[in-house]
Structures are given as C-alpha cells and as structure tokens.
Amino acid sequence: LELAGYGIPPEVLEAWRTRFPSGLNTLQIEAVNDHGVLNGRSLLVVAPTSAGKTFIGELAALKAIAEGRKAVFLLPYKALVNEKFEDFSALYGERLDLRVARCSGDWQDQVGDVLRGKYDLAFFTYEKFLSLSTTAPHILNQIGLVVIDEAQFITDPGRGMAVELLLTQLVSARQRGVAPQLIALSAVIGDTSGFERWLDCSVLMTTARPVPLTEGVLDRTGTWRLLTATGEVETTQLLVRRAIQQRGRKTSSQDVIVPLVRELVGRGEKVIVFRNHRGRTAGCAVYLAKELGLPQAQGVIDELPEGDLSARSESLRTALAGGVAFHNGDLTRDERIAVERGFRRPDGGVHVLVSTSTIAAGINTPASTVLIVETAFPGKVEAPYTVAQYKNMAGRAGRLGYETEGKAIILADTSFGREQLFRQYVQGRPEPIRSSFDDRAPGTWVMRLMAQVKEIERDAVIDLIANTYGGYLATLRDPAWRDGMARQLELILDRLLGDGLLEERGEILSLTMLGRACGESPLSLESAMQLVELLQQLRGEDVTLEMLLALVEALPERDLDYTPQDRRGEPQWQRELGDRIGYDTARVLQMRAESDRTYYARCKRALIIGDWIDGVPIGEIERKYSANAFVRMDHGDIRGYADGTRFLFEAVVRIAALVLERADEPDEAERLLKRMDLGVPAEALELTAMPMTLTRGEILGLLSGGLTSSAAVRATPADELRQLMGRRAMMLFEAMKQGATG
C-alpha cells in the first residue's frame, strides 16, 4: 500500500513513518483498499480498543485537507477535544501550516473561526457541533469530512439524543445535496442493527486486536477462570490462597487487590485498576502506594500544579510518593494530564493507575493488565455494566510493542459469583446498537428537529421523526408505526402551538422566536416550559445574570446531579442563598421541587457555583459544603456543577431575554461564562490574556498579590512572581520577556 499515490503530502508521510515504523495494520489497510476511505467513501468501523481505528479517521482527514476540504472530529468529552487539538496542532500545525480549531463549550473555543470557515481541521464535542450546526447550518456546506469517534454513544441514555440528532442532521442534509464523507468509529458492539444502512455507508467490523487479550474472573481463593486469546476456557491458580488475607475489620476487595497488583508489578507489568466511584479510586491508590513500597514518581509530582489544591490533590501526591496514581473527575485537567503522561511513559514512575471508567473512552493509557473490581455503577439502584462497557475497559490491556498478550481480570467474592460473571461478561456478547428515541415522549425530539429547518408542512413533520435512527428502526419493525406516530404528533403540535412555541400559516409550521430558542437549546421540552414558568415568576423584578445563574439549578436536568447532603437535608443553604440573591428569587427555586431536600440541594449548588466564580479556594469550598467525613463535597462535584450549569446557562439567558423582554450585554454574559470555566472573579479575567495559559491556582495567587492585569504582572520581579504563583512563574516571566522583545 503506497499512501503517496493518494496525494498525502510528503511531510505527513514522514511523520507517519516515525510514529508507525511498521506501517499500517490490517484494519487500516482494509479500510483503504476495500472500503475506499481515501476515495471519499463513508464507513462505519467497529473494532476493539487499540485496534487502530482512530488512525483511519486521521488518514481520511489528512486526505480531505490535502484536497482542500475541511475535516471535523466529533468527540464525547472536553478532555478528548483538548487532547486531540494539542496532538494534531503539534504534529501537523507547524509542519503543514494547518489551521486547527476546537469547540468544546469553554472559553478557549474558536467558534468565530469555525463560523467564518477559517480552519482546516476542527475538534468538537457532540453537543457543541449539534448546537453550531443547528444555529448556523451553513457550516455543513464547508465540511468535506466528519469523523465521529465513540459512535456507540448513540445508545447512551444521557448523550445518545445529541449523537442521534447530529447524525440525523447529516443524513437529512443529503436531501439538500450536502453530503460530507462520514467516518463513524465505534468500540465493540453487538449487532449493528442496520446502523450503517441508515448512515448509508459500508461497515468494517472486527474483533481482532494487535495484542491478544486473555480475559477471566478471579475469586477470593485465587482461582482464575479464564478465556484465552485463542478461545480455550481454562482454570488456574493465579494467586496462592495464603496471599489473600483480610486486611481490615471486615473482608473487602482490598484483600485481593493488594497481593494481585503486587504480583503483577513484580513481573514488570503496568496495571490499571478500574473502580466505580471517585472516592474509591483515590482510596485504592493510597493504600496500594503504602503496601507496594514503589519508588516515588518524582517526574509526575514535579508537573503537578501548586496552587488551589483540593483534598484529592493531596491524596494524589501521597499515592505518587509510592509509584501509584489515580485518575478521576476530582482532579484538575492539569493533574489528569500529568498522570496520563506519567503512566504512558516507560520511565514515568507510575506503575499502577486506579481509575474510573471514563479513561476507557479514548484516552491513551494502555496497560499490561486491567483489573475490574466492580461490575455496576453505584446509585440508589445499582446499574450493572453492559457487556460493551466491560469489553471497552478490558480492551485497555495489552501494550503494543511491550507485551505479547494483555490480561483483563474481574474480581468475584465466591466461586459461584466467578462462574456467573464469567458467563455474563467474559463469554457475553456485546449488546446491539440501539436508538435513544423514545416513542412514548417524542415532544423534545419534535422541538429539536424542527429547529433544524426553517419551516415545514404540517403533514411532513412525521418525516423529521422518520429520518432519525429510531424512526428508521421503528419503520422496519412495524409498517404501521408511521401512521400511529403521525396521530401522536398531531397532539404534540397542538400543544406547541398553544404554548407559543410554534406558529402556523395555513399548513406551514415554523418555530416562534421562543420556540427556536428552546429548540436550539439542550433543554427538554418539559424543562423549557418549566423555565418559562420560572421566569414568569420573576417578571417585574430587576433580574440580574447572577439571579439567572441560580435559576438554572431549578431545571429538571440539574436535579439529576447528585448533591451530597446529610440525612435531614441542609436547610441552612436556603437562608444563605436568600441573603446572596434575594429571598423572592431564592423562593422561586422551590417551584416543582420534589421535596424539601431537592430544594435545599438546588440552593446548595447555586451557592457552590457562586463561590467558585468568586474565586474562593477549592479546599475552602470543599470544607464549607461537606456535611461530615462521610458526606463530602469534592472537587469533582464542584467542577461538575459548574460545567453542568454552564452548559445550560446560555440557553437560559436567551430564553429569559424573550420572556422578560430584556437584553443583556453579550459581553457581560460571555464574561460570566468564562468565569464559570475558570472559577475566578471578574477582576481576574484580564490575566487570562497572559502569554501562557494559567491554572486557577496561579490566577488566584497573582490576585492575592494585587496583580489584576498583564501590565502589573510584567512589572513584578521574577522572585515575587514565584512566591505568588509557584515554579511556573519563570516560564511566564520568560514568555513575557519574549513577547516584549518579539
């Protein structure tokens, strides 16, 4: 296979030879030779983790750009958007003078560049691409290639609607002659259920891995039931019985984890331990560090940010002192990046990584062995892992170039549990792909789909629904589905007309300004109507952006966020919120609250976000809002509340402008959004224009010294800067000097 014959620039080919000296693998060759990805043909690729499917998208992207077409990657997480943006910028930005952009929903977004077409390659989160392509559909005309990574997220209860809506938009655009090439990349799934036919592309499906995988279940006797990479079922004694001893007041997974990880690390292996809760990852990493006695990972410790430390930041340093790390949402982005690098590097000093399951989705952290401790997500009702979720975690095992095989080990308490888990997960078949569309509640889908068109005949609304993947599957299952859904839609359309979200001219329907604001938002129909009710309660008041920010917490989407409280609830937060934003506004948050606890949780989240954007140190926020040692408020909760509220805030501001007949300064709202991203007060925003990106701790450090502008920082001696912001002060000092002389 000669890629030069496809018009790939020589500089790119040279970079690829350095990264992949052995050339393309079988999967990638098949994608090129048999499925024509370099000839503009669309393709669904279903393959295990580490099989090399992401590079298929990269191949197609560079080919598209070489032909003058723009390419976009759609990814599930901000962290992945940032990782890919930085990787591609470093690899191709200077080498090819490519314009690389990112849009993930934070202050670094390059939305303006994307809208004006001033990019060659762009990275989006699913939701940001859906939002932009709905409000500015002309961007679809610019794009020659769309790569959607982790396409199996279409089945996800929380994210699936966004994935299906954006894919529906691409499918529907073909009717207007807009047909960018589509590369959909999916982790292991079961039956594709016609997904590729709906997308009108070919499918390349494999279970082959570059490093073979052995999977099995280990019980407390040390007995391992395993399935070899060649398909044989065997039973062996992986640990001697006497190595497994009760280490605490009662038996626990720790009794097995410690001797097993000690055995694996003693063989020179790198191990990922998957835990199902943030607190368990930190606790497990700390006790492993103490038990294993490994050398400290000094290089990673040196990379960690110094200021604004959370309780988990301290735990991370304790774990790293023993050659172990953890990776979860309680860490800052800079902490997670330092951990990932330390684990990837052979000499990084991190031998064991304890992580939540999110690291299984695309982040580059291969291990020799993966240990899966729990097989269910915690909650009021435990949700068992799907087989596909298990396979994705297991797929992290096997480092290409280091091992001849990887191992995935599930823990079980008993021999009975061992056999049950073996049948369920190791021998289980991943679930078929399915749609997120809910026939019983299509209202939100109707509103969101109508936002993708300017106007439509009433009889044609059913076509919008039928064009979705859910509609496609329903039509195949039941030819009478369309007629039944059309009758249901009549009731929904009448409701939308009555609520002022739709207007009708003869048989032509179009969204009103309020309807379009709701339809272009991430809100459900019920949530949008509840927001309108909440805003009407505030009519006549002098509503500030800070009041609207608190109001977001009363939306159903925000009530889904777990908010730690003691058993009685915490009524003190309603009083504090009333003092901060006014008691009338605080009482509005009571509307449709399921219980007093729900209301108190809303008040608590609103106060936490207020403290976050006021620059209150993270440790202080954690201490203030933790009810006790067992009901903790951790950095991941705080950051999650800020991100979740920010995600909805733009929609709330837009809808409030229509309901309250008010107009906020766009710059004022943008400043507040930026403060939510960074967690800093308004007076610190000018510091974000510094020549290097500062952490929250560094910004707050400068602020504590009275420095609020670039000019003030430039005028401060280097030793004073170091006292205020830590060791990275010299990097900033040098960057400022270069900027001044450049």
Student: Is there side-chain contact between K78 and R333, with heavy atoms separated by less than 4.5 Å?
Tutor: no

Student: Just by distance, with hydrogens left out, do T688 and K674 show a side-chain donor and acceptor under 3.5 Å apart?
Tutor: yes

Student: Would you check if M547 and T544 make a side-chain contact, meaning some heavy-atom pair closer than 4.5 Å?
Tutor: yes

Student: Measuring from Y126:OH to I154:CD1, what's the distance to the nearest 0.5 Å?
Tutor: 10.0 Å

Student: Have R558 and T645 got a donor and an acceptor in their side chains that come within less than 3.5 Å?
Tutor: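 There is such a pair between these side chains.
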
Student: Distance check, rounded to the nearest 0.5 Å: L658 atom CG versus L514 atom CG?
Tutor: 6.0 Å

Student: Hey, does R592 have a side-chain heavy atom less than 4.5 Å from the side chain of E533?
Tutor: yes

Student: Which heavy-atom pair separates D109 from S104 by the least distance, and what is that distance?
Tutor: OD1-N, 2.7 Å

Student: Counting N and O atoms only, with roles assigned by atom type, does the side chain of D478 sit under 3.5 Å from a partner on the main chain of A480, one being a donor and the other an acceptor?
Tutor: yes

Student: Check whether any side-chain N or O of S42 sits under 3.5 Å from a backbone N or O of C201 as a donor-acceptor pair, and report yes or no.
Tutor: no

Student: Does P442 reach the side chain of M485, with side-chain heavy atoms less than 4.5 Å apart?
Tutor: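 The answer is yes, as the side chains (C-beta and beyond) meet within the 4.5 Å cut-off.
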
Student: With the threshold set at 4.0 Å, does a side-chain nitrogen-carboxylate oxygen contact exist between E520 and R448?
Tutor: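 Salt bridge absent between E520 and R448.
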
Student: According to ring pair (Phe, Tyr, Trp, His ring centres under 6.0 Å), who are the partners of F195, at least two apart in sequence or on a separate chain?
Tutor: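 If we apply the ring pair (Phe, Tyr, Trp, His ring centres under 6.0 Å) test to F195, skipping adjacent residues, the hits are Y469.
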
Student: Any salt bridge between D494 and R458, counting N to O under 4.0 Å?
Tutor: yes

Student: Start with the C-alpha gap between R602 and D559, add the side-chain angles, then the distance that decides, and say whether salt bridge (charged side-chain N to carboxylate O under 4.0 Å, His left out) holds.
Tutor: CA-CA 7 Å; R602 292 174 176 180; D559 284 337; 2.7 Å; yes

Student: Begin with the C-alpha distance, continue with both residues' side-chain angles, and end with the deciding distance and a verdict on salt bridge (charged side-chain N to carboxylate O under 4.0 Å, His left out) for K84 and D149.
Tutor: CA-CA 11 Å; K84 296 297 184 186; D149 204 5; 5.4 Å; no

Student: Check whether the side chains of Y92 and E58 place a donor and an acceptor atom closer than 3.5 Å, and report yes or no.
Tutor: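 Side-chain D/A pair, Y92 to E58: present.
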
Student: Assess the residue pair N467 and L449 against the criterion (side-chain contact (heavy atoms from CB on, under 4.5 Å)); give the C-alpha distance rounded to whole Å, side-chain angles, the decisive distance to 0.1 Å, and a yes or no.
Tutor: CA-CA 10 Å; N467 276 345; L449 287 164; over 6 Å; no

Student: Between E670 and W107, is there a donor-acceptor pair closer than 3.5 Å when you use the side chain of the first and the backbone of the second?
Tutor: no

Student: Please determine whether salt bridge (charged side-chain N to carboxylate O under 4.0 Å, His left out) holds for the pair E553 and K604, giving the CA-CA distance in whole Å, both sets of side-chain angles, and the decisive distance to 0.1 Å.
Tutor: CA-CA 9 Å; E553 299 312 312; K604 187 173 184 177; over 6 Å; no

Student: Is there a donor in the side chain of S133 and an acceptor in the side chain of Q169, or the other way round, less than 3.5 Å apart?
Tutor: yes

Student: Over all heavy atoms of both residues, which pair between L43 and S202 is shortest? Give the atoms and the distance, please.
Tutor: CD1-OG, 3.2 Å

Student: Measure the shortest side-chain to side-chain distance between L523 and T444 over non-hydrogen atoms and say whether it is less than 4.5 angstrom.
Tutor: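 L523 vs T444: side chains apart.
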
Student: Is the closest side-chain donor-acceptor distance between T192 and E196 under 3.5 Å?
Tutor: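 Judged by distance alone, the side chains do pair up.
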
Student: Any donor and acceptor pair, going by atom type alone, linking the side chain of S131 with main-chain N or O of K128 inside 3.5 Å?
Tutor: no

Student: Return yes if a side-chain donor-acceptor contact under 3.5 Å exists between R605 and T563, otherwise no.
Tutor: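 Result is yes, a qualifying pair exists.
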
Student: Find out whether L672 and F649 are in side-chain contact, i.e. whether some heavy atom of one side chain is under 4.5 Å from a heavy atom of the other.
Tutor: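 Side chain of L672 against side chain of F649, heavy atoms only: contact under 4.5 Å found.
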
Student: Calculate, to the nearest 0.5 Å, the distance between atoms OG1 and CG belonging to T585 and L551 respectively.
Tutor: 8.0 Å

Student: So, are R580 and D611 salt-bridged, with charged N and O less than 4.0 Å apart?
Tutor: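 A salt bridge links R580 with D611.
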
Student: Assess the residue pair I148 and I183 against the criterion (side-chain contact (heavy atoms from CB on, under 4.5 Å)); give the C-alpha distance rounded to whole Å, side-chain angles, the decisive distance to 0.1 Å, and a yes or no.
Tutor: CA-CA 6 Å; I148 178 165; I183 307 293; over 6 Å; no

Student: One pair to check against ring-ring contact (aromatic ring centres under 6.0 Å, His included): F73 and F123. What are the steps and the verdict?
Tutor: CA-CA 5 Å; F73 278 72; F123 297 91; 5.3 Å; yes

Student: Between M676 and A642, what is the shortest heavy-atom contact and its length?
Tutor: CE-O, 3.6 Å

Student: Pairs of donor and acceptor atoms involving the side chains of residues 64-72, under 3.5 Å and at least two apart or interchain, shall be tabulated with distances.
Tutor:
{"residue": "E67", "atom": "OE1", "partner": "R69", "partner atom": "NE", "Å": "3.2"}
{"residue": "E67", "atom": "OE1", "partner": "R69", "partner atom": "NH2", "Å": "3.0"}
{"residue": "E67", "atom": "OE2", "partner": "K63", "partner atom": "NZ", "Å": "2.2"}
{"residue": "R69", "atom": "NH1", "partner": "G144", "partner atom": "O", "Å": "2.9"}
{"residue": "K70", "atom": "NZ", "partner": "G117", "partner atom": "O", "Å": "2.9"}
{"residue": "K70", "atom": "NZ", "partner": "Y119", "partner atom": "O", "Å": "2.7"}

Student: For the atom pair CG (L648) and CG (L548), what is the distance rounded to the nearest 0.5 Å?
Tutor: 13.0 Å

Student: For G506 versus E504, what's the shortest heavy-atom pair and its separation?
Tutor: O-CG, 3.2 Å

Student: Side-chain contact test, heavy atoms from C-beta onward, threshold under 4.5 Å: evaluate it for T125 versus L75 and give yes or no.
Tutor: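 No; the side chains remain at least 4.5 Å from each other.
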
Student: Check L549, L678, L673, I608 against I613 for a side chain to side chain contact (heavy atoms under 4.5 Å, CB included) and give me the one that passes.
Tutor: L549

Student: Decide yes or no for T155 and I189: does some side-chain heavy atom of the first lie under 4.5 Å from some side-chain heavy atom of the second?
Tutor: no

Student: Which heavy atom of L38 sits nearest to which heavy atom of L59, and what is that distance?
Tutor: CD2-O, 3.6 Å

Student: Can R516 and E503 be counted as an ion pair, charged N to O under 4.0 angstrom?
Tutor: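 Judged by the 4.0 Å cut-off on N to carboxylate O distance, R516 and E503 do not form a salt bridge.
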
Student: Nearest heavy-atom pair of T134 and A451: which atoms, and what distance?
Tutor: CG2-O, 3.5 Å

Student: Verify the distance criterion only: is there a donor paired with an acceptor across the side chains of S172 and Q452 at less than 3.5 Å?
Tutor: no

Student: Side chains of S186 and E150: is there a donor and an acceptor less than 3.5 Å apart?
Tutor: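 No, because no side-chain N or O of S186 sits under 3.5 Å from a partner of the opposite role on E150.
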
Student: Is it true that D499 and R495 make a salt bridge, defined as a side-chain N closer than 4.0 Å to a carboxylate O?
Tutor: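 Looking at R495 together with D499, the answer is yes, because their closest N to O distance falls below 4.0 Å.
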
Student: Check whether the side chains of W445 and D438 place a donor and an acceptor atom closer than 3.5 Å, and report yes or no.
Tutor: no

Student: Mark yes or no for whether S510, through its side chain, and K454, through its backbone, hold a donor-acceptor pair below 3.5 Å.
Tutor: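 Pair absent, no side-chain N/O of S510 close to backbone of K454.
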
Student: When rounded to the nearest 0.5 angstrom, what distance separates CZ in R434 from CG in D191?
Tutor: 14.0 Å

Student: To the nearest 0.5 Å, what is the distance between CD on E557 and CG on L531?
Tutor: 9.5 Å

Student: Got a salt bridge between R646 and D643, using NZ or NE/NH1/NH2 to carboxylate O under 4.0 Å?
Tutor: no

Student: Answer yes or no: does atom CE of M513 have more than 12 heavy-atom neighbours from other residues, nucleotides or ligands under 6.0 Å?
Tutor: no

Student: Taking it one step at a time, do Q488 and L491 satisfy side-chain contact (heavy atoms from CB on, under 4.5 Å)?
Tutor: CA-CA 6 Å; Q488 195 174 345; L491 298 175; 5.6 Å; no

Student: Is any NZ, NE, NH1 or NH2 atom of the basic residue among R197 and D200 found under 4.0 Å from an Asp or Glu carboxylate oxygen of the other?
Tutor: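 Salt bridge flag = no for D200 with R197.
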
Student: Step through the shown structure and confirm whether more than 12 heavy atoms of other residues, nucleotides or ligands are within 6.0 Å of CD on E457.
Tutor: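 No, the 6.0 Å shell around CD holds no more than 12 heavy atoms from other groups.
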
Student: Can you check side-chain contact (heavy atoms from CB on, under 4.5 Å) on D596 and Y599, steps first, answer last?
Tutor: CA-CA 5 Å; D596 289 346; Y599 173 49; 5.6 Å; no

